[in-house]
Amino acid sequence: MSVPPHADFTTWATFEIKKCDVHKLDEAPAAQVVLTRDEGLQYYSTMQTIRCLELKAGQLFNQRIIRGGCHLYNGQEACAVGIEAAINLTDHLITAYRCHGFTYTRGGSLKKILAELAGRAAGISKGRGGSMHMYTKTFYGGNGIVGSQVPLGAGLALACKYQNKSELSVCVYGDGAANQGQVFETFNMAALWKLPVIFVCENNRFAKGTPMERASASTDFYKRGDFIPGLRVDGMDILCVREATRFAADHCKSGKGPILLELQTYRFAGHFEGDAHLSYRSQEEVDEVRRDRDPISILRDHMLSSNMTSVEELEGIDVGIIKDVEEAAEFAVTSPEPPLEELCNHVFCNNPPLEMRGTNPWTKLKSSS
């Protein structure tokens with residue numbers, strides 16, 4: 001069947017989306033939103049690229065080409081793509097170790113991401129960071145310590161305010177990290193100083209292997225900021241995420257200070273590759289979410305039901321994405337590893353010892369008694 005010419009497609013459509021739950025807000029994001037055909041195709045392509053990237057990463061992990069920790073983003077694509085649709089690349093973003101999707105949306109290439117996962121010199125962090133530590137100009141990782149990115153994200157917002165820039169910081173963490181003490185300390189400072197930061201809790205329901213109900217006395221993560229306003233959002237619908245993030249960005253850039261988004265999402269894979277995730281959730285649960293709440297399928301259905309695209313056009317996009325990912329994987333596996341002589345470069349021990357009161361951290365002290 002031939003694909004109809006573009007002139008036959010609807011150029012834009014209006015959709016009713018799920019309303020956000022609000023905390024300490026007099027207004028809420030719109031529940032009726034407009035999606036253009038060009039936007040829809042871009043969102044679909046980006047989400048599908050992340051999905052294919054992660055599936056390929058899982059395959060390379062099983063082939064032992066990718067080693068160590070590998071945290072995949074399957075199922076959570078609407079979070080990253082929805083956030084990016086509402087902010088600028090000049091804004092700043094930091095997240096935890098499930099970072100491959102954001103590395104791509106922040107400008108990282110498929111070749112450099114997969115090469116990094118494979119530990120190759122051509123990787124985006126020169127093969128040194130692996131799954132957890134990837135960076136671009138306005139993307140600050142990929143951070144391995146649970147919750148550590150939250151105070152760093154507030155620091156980025158402080159820099160924006162101090163330098164009087166019309167920019168903001170987006171700080172992404174999970175429902176497990178939401179219980180870290182440093183998160184609450186950061187909330188306090190951000191509220192006191194009215195920092196332009198959007199705190200985003202990607203609530204995928206499991207803190208590693210612990211259901212959120214067993215780890216958190218309160219699972220209303222959007223209220224955790226107390227004096228910081230918050231929104232609870234359907235994180236599986238990219239239009240919900242986009243509208244909530246737009247609302248939050250306007251809030252921050254108007255000088256009102258921080259805001260908190262809880263994105264209710266779900267990861268299809270385990271916490272990490274090799275995780276026995278069916279020991280703490282059932283296959284039936286995973287299959288049900290895949291069937292009824294897949295974020296790519298939700299956007300696909302929106303567009304098809306409004307005649308914004310066709311099955312054939314989307315399949316054509318899929319073919320191109322698969323080709324790009326396969327080429328990136330071939331580049332990654334055939335690229336050389338970093339040379340051995342660079343093993344000790346770019347680490348703290350290369351610097352001269354910091355002397356303080358005639359000693360340094362490596363001095364062997366002796367008792368004089």
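- No hydrogens or angles considered: a donor-acceptor pair under 3.5 Å links the side chains of Gln76 and Asn204.
- Counting only distance, with no hydrogens or angles, the side chain of His133 and the backbone of Gly142 share a donor-acceptor pair below 3.5 Å.
- With hydrogens and angles disregarded, a donor-acceptor distance shorter than 3.5 Å links the side chain of Asn307 to the backbone of Asp8.
- Between atom CD1 of residue Ile83 and atom CZ of residue Arg242 there is a gap of 14.0 Å, rounded to the nearest 0.5 Å.
- A 4.5 Å side-chain heavy-atom check between Leu93 and Arg106 finds at least one atom pair inside the cut-off.
- Put simply, the side chain of Leu60 reaches to within 4.5 Å of the side chain of Val333, judged on heavy atoms.
- Side-chain atoms of Arg290 never come within 3.5 Å of backbone atoms of Gly75 as a donor-acceptor pair (strictly under, hydrogens ignored).
- Salt-bridge formation is detected for the pair Lys253/Asp91: a Lys NZ or Arg NE/NH1/NH2 atom is positioned less than 4.0 Å from an Asp or Glu carboxylate oxygen.
- Side-chain atoms of Ser305 come within 3.5 Å of backbone N or O of His302 as a donor-acceptor pair.
- Arg232 and Asp220 are joined by a salt bridge, as a carboxylate oxygen and a charged side-chain nitrogen come within less than 4.0 angstrom of each other.
- Around CD of Glu27, the count of heavy atoms belonging to other residues, nucleotides or ligands within 6.0 Å does not exceed 12.
- Between Arg205 and Tyr266 there is a side-chain heavy-atom pair separated by less than 4.5 Å.
- By the criterion of side-chain heavy atoms lying less than 4.5 angstrom apart, applied directly or through intervening Ile, Leu, Val, Met, Phe, Trp or Tyr residues, Phe247 is grouped together with Leu239 in one hydrophobic cluster.
- Separation of atoms SG (Cys70) and CE (Met132) is listed at 9.5 Å; rounding is to 0.5 Å.
- The backbone N or O of His251 sits less than 3.5 Å from a side-chain atom of Ser254, completing a donor-acceptor pair.
- Between His271 and His71, the distance separating the two ring centers is shorter than 6.0 angstrom.
- Between Ser216 and Asn179 the shortest heavy-atom distance is OG-ND2, 3.1 Å.
- Between Leu53 and Leu114, some side-chain heavy-atom pair lies under the 4.5 Å cut-off.
- Looking at heavy atoms from C-beta onward, Tyr73 lies out of side-chain contact with His100 at the 4.5 angstrom threshold.
- Considering only heavy atoms from C-beta on, Ser131 stays 4.5 Å or farther from Tyr97 through its side chain.
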Below 3.5 Å, can you tabulate the donor-acceptor pairs from side chains in residues 180-198 to any protein atom, sequence neighbours excluded?
residue, atom, partner, partner atom, Å
Gln182, NE2, Val146, O, 3.3
Thr186, OG1, Gln182, O, 2.7

Between Gln264 and Asn203, is the side chain to side chain donor-acceptor pair (under 3.5 Å) condition met? List the steps.
CA-CA 5 Å; Gln264 293 185 311; Asn203 176 11; over 6 Å; no

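- If you take CD1 on Ile298 and SG on Cys240, they are separated by 8.5 Å, rounding to the nearest 0.5 Å.
- Remark: Asp234 engages Arg293 in a salt bridge, criterion side-chain N to carboxylate O under 4.0 Å.
- Placement of Ile87 and Val150 in two distinct hydrophobic clusters is found when ILVMFWY residues are connected by side-chain heavy-atom separations under 4.5 Å, directly or transitively.
- The backbone N or O of Gly127 lies less than 3.5 Å from a partner atom in the side chain of Glu116, making a donor-acceptor pair.
- With a 4.5 Å cut-off on side-chain heavy atoms, Gln149 and Val172 do not count as touching.
- Between Asp21 and Tyr222, some side-chain heavy-atom pair lies under the 4.5 Å cut-off.
- Side chain of Ser169 to main chain of Leu156: no donor-acceptor pair is present (N/O by atom type, distance under 3.5 Å, no hydrogens or angles).
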